[in-house]
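Only this structure's heavy atoms are used, side chains among them; waters, hydrogens and symmetry mates stay out.
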Amino acid sequence: FKKQWQFDLGTESTWLGKLKCPYVTDLSSLCPQLIHVACVCAGHNASRDVVTLVKSVLFHRRNPLHFHFITDTVANRILSSLFQSWMVPSVQVSFYDADELKSEVSWIPNKHYSGIYGLMKLTLTKALPSDLSKVIVLDTDITFATDIAELWGIFRKFTDKQVIGLVENQSDWYLGNLWKNHKPWPALGRGFNTGVILLYLERLRRIGWEQMWRLTAERELMSMLSTSLADQDIFNAFIKQNPVLVHQLPCFWNVQLSDHTRSEQCYTEVSDLKVIHWNSPKKLRVKNKHVEFFRNLYLTFLEYDGNLLRRELFGCPSQASPETVQLQAALEELDEDDQCYDFRRERLTVHRVHLYFLQYEYTPTEDDTDVTLVAQLSMDRLQMLEAICKHWEGPISLALYMSDAEAQQFLRYAQASEVLKNRKNVGYHIVYKEGQFYPVNLVRNVALKNANTPYVFLTDVDFLPMYGLYDYLRKTVVQLDMAHTKKALVVPAFETLRYRLSFPKSKAELLSMLDMGTLYTFRYHVWPKGHAPTNYAKWRTATTPYKVEWEPDFEPYVVVRRDCPEYDQRFVGFGWNKVSHIMELDAQEYDLMVLPNAFMIHMPHAPSFDISKFRSSSSYRNCLNTLKDEFHQDLSRKYGSAALKYLTAQRNI
């Protein structure tokens, strides 16, 4: 069984080469022992839980760590992207395909809500590398309140025969007295809970663990018919037959917060707490005398800024990846005296990205005409989501620029919304805040790259598309042969200054509202250049798509193939973020085609913080002009004569 892939996160500290010490010639000798942690994770919800678990471990740790994740396809995609962008020093991550392990446990009937994944800890001797001798195995609903190295150190207390370390189960489940005719699997006394396990893999392989647990499961299933608590039942039946093989851990290493447990006997004060296990299906709503304290501890890590965990460990140089080396070199080339240093530094900032933050389901259409609405937003535009979902029934890819705490506010908002929680074809991708600028084009690119349809509608979240636009666009991409031609379909943009609008149901109704002054062409009074080339006068009577030419500062909202160029990430905050993208589309010889029966309307909102900075800061505006010039030069180098008109146009402005 092979690992899919692994990578090392982080870089060697810059001070390591400078530190002088007559007694220490090899700083790596100061590095504490590498600790291995394994976790089974499947699906969107479990992937979120894993992040909170990892934060609690990283917060307290002083050792290098190697996480081993057994994942389904969904969790692999989410967590691999997250850890690559997190870049935590002295942390390695490996992934193993859960699908390749299903045949090992699929024959076991399991009533537990964890399903087949709740049995996969039984397979770790086979799934993990054969040269890995020890590992700490954790459930996803675990929170650490101490350094994981303390738990790792307990391996040294194992006798020669002990192979598994577990905490006693703190409920009466295995005593069989919870209700009449309650018949649990066999267990030693109260049994053991498998939310936290010390597995001595080397010894388990030596005693033939794979065959032993299978024989145990087969024997007990003849009378029990199925497991009730997944792998835990089989571990306990095995220990009942082989009690000498278990090392009982102190109960504070797995304080179990399910209903009716004896967990309060594990601690007398806060300092006693080591590991908290939310092992009730009720999770944070569980009944417990001290649940408020435990909940606050959990919420601390849930909302903790993950960027703060990117700290080096003393004496633990990390092997830098090629990407990290390249990033370091680019940072060193920056001139800190450059007045635009902050803008250039922002472009090199690596933001943590959590893809598919909520449940996502999408089935590709058979005709390859599907279109995804692509947009980005921050916390102050959250109120637009429900309206957009009502106007657009197709798939949506949204990138949200938020802090860790704001991401949790968004989660609660989405789970409480009847509209949002019933829409599974919306991909929500969190780009975590860092730095002083809003990296608008980086956030847009995250949404664009994670669209799963052949075509994308590139819009902004403060616009509402006309009713029926999704179906109209799907028909149009066929009519205009978008699959075989380079076209960007322009959706004409309008705006209202009214917070409450009776949304037009047709083009005729929109034209009437335009004549009455209820609607306006977008930004006609502030930035007419941005949309004037759409030629609204022609659009009023047009019945077929018509081509328009690029003009300076044109920034329409367009439908293109998903393989279109990405947005240029040098443009952060306000200014030129969409203009530059349309220029590149034109440089690649996309035809700009205005759609005669499509429209979108901008809804009013307070000005963003970035536009305020643009208006109030001359240095901000000067740097934006500098970035424009550099973009023009890069465009000329990239596209040659096709881009000369942009330089000419810039000189004439």
Side-chain angles (χ1 to χ4, degrees), residues 38-50 53 69-72 74-75 96 98-99 101-124 126-127 137-143 164 166-179 181-188 190-197 199 209 213-240 254-261 263 275-287 359:
C39 190
V40 178
C41 180
H44 303 84
N45 296 340
S47 298
R48 285 201 311 273
D49 293 339
V50 159
L53 161 62
F69 293 114
I70 292 83
T71 59
D72 66 349
V74 170
Y96 310 84
D99 286 342
L101 296 168
K102 284 182 177 179
S103 61
E104 301 290 323
V105 292
S106 58
W107 56 275
I108 304 173
N110 179 27
K111 293 180 180 178
H112 194 257
Y113 61 83
S114 59
I116 194 170
Y117 299 101
L119 296 162
M120 287 192 175
K121 283 183 282 188
L122 296 164
T123 72
L124 291 180
K126 182 174 183 179
V137 186
L138 303 172
D139 280 356
T140 60
D141 53 1
I142 290 289
T143 305
I164 301 175
L166 292 165
V167 170
E168 186 180 54
N169 203 46
Q170 291 156 21
S171 77
D172 291 345
W173 178 269
Y174 287 107
L175 298 181
N177 58 11
L178 293 184
W179 59 81
N181 299 325
H182 174 215
K183 186 185 176 185
W185 276 54
L188 191 65
R190 307 188 67 85
F192 294 91
N193 183 278
T194 56
V196 176
I197 316 176
L199 280 188
W209 163 253
W213 76 255
R214 282 175 175 273
L215 290 173
T216 300
E218 288 170 358
R219 182 182 64 247
E220 299 302 331
L221 284 169
M222 292 177 68
S223 59
M224 299 303 299
L225 304 182
S226 68
T227 61
S228 295
L229 298 181
D231 66 81
Q232 184 167 297
D233 285 338
I234 298 173
F235 271 105
N236 274 290
F238 170 81
I239 290 168
K240 177 75 182 266
N254 185 351
V255 178
Q256 299 149 39
L257 297 185
S258 55
D259 291 343
H260 312 299
T261 68
S263 59
V275 173
I276 298 155
H277 185 189
W278 301 89
N279 63 320
S280 166
K282 298 178 182 178
K283 300 305 178 188
L284 298 188
R285 301 188 304 278
V286 70
K287 296 176 183 177
Q359 189 77 25

Taking C-beta and beyond as the side chain, do [X] and [Y] meet within less than 4.5 Å on heavy atoms?
| X | Y | value |
| --- | --- | --- |
| Trp107 | Glu218 | yes |
| Asp231 | His112 | no |
| Val255 | His277 | no |
| Asn236 | Asn169 | no |
| Val167 | Asn193 | no |
| Ile70 | Cys39 | no |
| Ile108 | Ile234 | yes |
| Ile197 | Ile164 | yes |

Next item on the list: Assert yes or no for the condition that the ring centre distance of Phe235 to Trp209 is strictly below 6.0 Å.
Entry: yes

Between [X] and [Y], which heavy-atom pair has the shortest distance, and what is it?
| X | Y | answer |
| --- | --- | --- |
| Trp213 | Leu122 | NE1-O, 3.3 Å |
| Trp185 | Ser226 | NE1-O, 3.0 Å |
| Lys240 | Leu188 | CD-N, 3.9 Å |

To the nearest 0.5 Å, tell me how far [X] [atom1] sits from [Y] [atom2].
| X | Y | atom1 | atom2 | answer |
| --- | --- | --- | --- | --- |
| Lys111 | Leu229 | NZ | CG | 11.0 Å |
| Tyr174 | His182 | OH | NE2 | 9.0 Å |
| Leu221 | Met224 | CG | CE | 9.0 Å |
| Asp233 | Thr227 | CG | OG1 | 5.5 Å |
| Cys41 | Leu138 | SG | CG | 12.5 Å |
| Lys183 | Leu225 | NZ | CG | 8.0 Å |

Notebook entry, point to check: How would you list, by chain and number, every residue that makes a salt bridge (Lys or Arg N to Asp or Glu O under 4.0 Å) with Arg48, sequence neighbours excluded?
Noted result: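 Partners of Arg48 by the salt bridge (Lys or Arg N to Asp or Glu O under 4.0 Å) criterion come out as none, since no residue qualifies.
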
Note to self: Applying salt bridge (Lys or Arg N to Asp or Glu O under 4.0 Å), can you list everything that pairs with Glu220, at least two apart in sequence or on another chain?
What the structure shows: none

Checklist line | Residues which pass side-chain hydrogen bond (donor to acceptor under 3.5 Å, both in side chains) with Glu104, listed by chain and number, not counting sequence neighbours | finding: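 Expected list: Lys126, Arg214.
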
